[in-house]
Amino acid sequence: MSQQPVQLRVLDARIGDEIPMPAYATDGSAGLDLRACLKSPLTLAPGESTLIPTGLSIYIEDASLAGMILPRSGLGHKHGIVLGNLVGLIDSDYQGELMVSCWNRGTSTFTVNVGERLAQLVLVPVVQARFEVVDEFQATGRGDGGFGSTGQH
Ligand SMILES: O=c1ccn([C@H]2C[C@H](O)[C@@H](COP(=O)(O)OP(=O)(O)OP(=O)(O)O)O2)c(=O)[nH]1
Ligand SMILES: [Mg+2]
């Protein structure tokens, strides 16, 4: 298991106490659960979305890495609680508080409790592109076919 050191700042004194620090749930976990660092429970009506603080900031620093905030499958599937931005991308130079956009796409009101695990953070490799402007590409079998073009006669 390879591990990457990442600086983390605790922005709320309850983190590490009544609200646990993010931790990998198992040896093979890809994501760390992010918790709602709320003062009190918050209700989300169907269709409503809100930005929820985590009480943490991280500084990834290494531009060959990024953080991705992804929904938790149980919350998303069973309760319709997903991300208002669908996926959150954390830049390696971002130093602000990690925020989770929480969207109730379900049909019933959902209560977000203090410390509830809302989403998960995954560290992913990134390669930045250096564009080389050309007039034409070398031909490929696919060419400009897309959007269901394969398997059509
Ligand atoms: O779910 C998210 C998504 C983003 N961010 C933070 C980290 C990220 O580095 C920064 C900017 O995100 P993004 O580039 O996706 O948003 P933008 O709308 O393009 O804002 P900006 O103009 O600040 O780049 O906001 C979060 O805390 N949570
Ligand atoms: Mg941006």
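Numbering starts at 1 and runs along the sequence shown. Just so you know, ligand 1 is whichever comes first in the structure, and atom 1 is the first atom listed for that ligand. Just so you know, these numbers use all the heavy atoms, side chains as well, and skip hydrogens, waters and symmetry mates.
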Nearest-neighbour protein heavy atom for atom 25 (O) of ligand 1, which is reported as residue plus atom name and distance:
Tyr94 CE1, 4.0 Å

For the residue pair Leu38 and Arg14, what are the closest heavy atoms and their distance?
O-NH1, 2.7 Å

At what distance, to the nearest 0.5 angstrom, does CG of Asn104 lie from OG1 of Thr50?
11.5 Å

Is Asp91 in polar range of ligand 1, meaning some N or O pair under 3.5 Å apart?
yes

Under 4.0 Å from atom 20 (O) of ligand 1, can you find at least one protein heavy atom?
no

Below 4.0 Å, non-hydrogen atoms only: which portion of Asn85 touches ligand 1? Side chain, backbone, both or neither.
side chain

My question is simple, although I want it checked carefully: is atom 27 (O) of ligand 1 less than 4.0 angstrom from any protein heavy atom?
yes

One should read off an interatomic distance between Arg117 CZ and Ile19 CD1, to the nearest 0.5 angstrom, of 13.5 Å

Determine whether a donor-acceptor pair (N or O, by modelled atom type, separation under 3.5 Å) exists between the side chain of Gln120 and the backbone of Ile69.
no

Just grab all the salt bridge (charged side-chain N to carboxylate O under 4.0 Å, His left out) pairs involving residues 46-75, residues at least two apart or on different chains.
Asp33-Arg72

Ligand-side contact atoms (ligand 1) for residue partner Gly88, heavy atom cut-off under 4.0 Å
1 (O), 2 (C), 3 (C)

Could you tell me whether some N/O pair between Met99 and ligand 1 is separated by less than 3.5 angstrom?
yes

So, the side chain of Ser101 versus the backbone of Gly84: is there a donor-acceptor pair under 3.5 Å, distance only?
yes

Ligand 1 atoms in contact with Glu97 (distance to a heavy atom under 4.0 Å)
27 (O)

Protein heavy atoms: any of them under 4.0 Å from atom 13 (P) of ligand 1?
no

The protein heavy atom nearest to atom 5 (N) of ligand 1 is Ile90 CD1, 3.7 Å

Any protein heavy atom under 4.0 Å from atom 1 (O) of ligand 1?
yes

Going from CD1 on Ile60 to OH on Tyr94, what distance comes out if it is rounded to the nearest 0.5 angstrom?
11.0 Å

Closest approach of any protein heavy atom to atom 8 (C) of ligand 1, naming residue and atom
Leu89 O, 3.2 Å

Do the non-hydrogen side-chain atoms of Ser149 and Arg142 ever get within less than 4.5 Å of each other?
yes

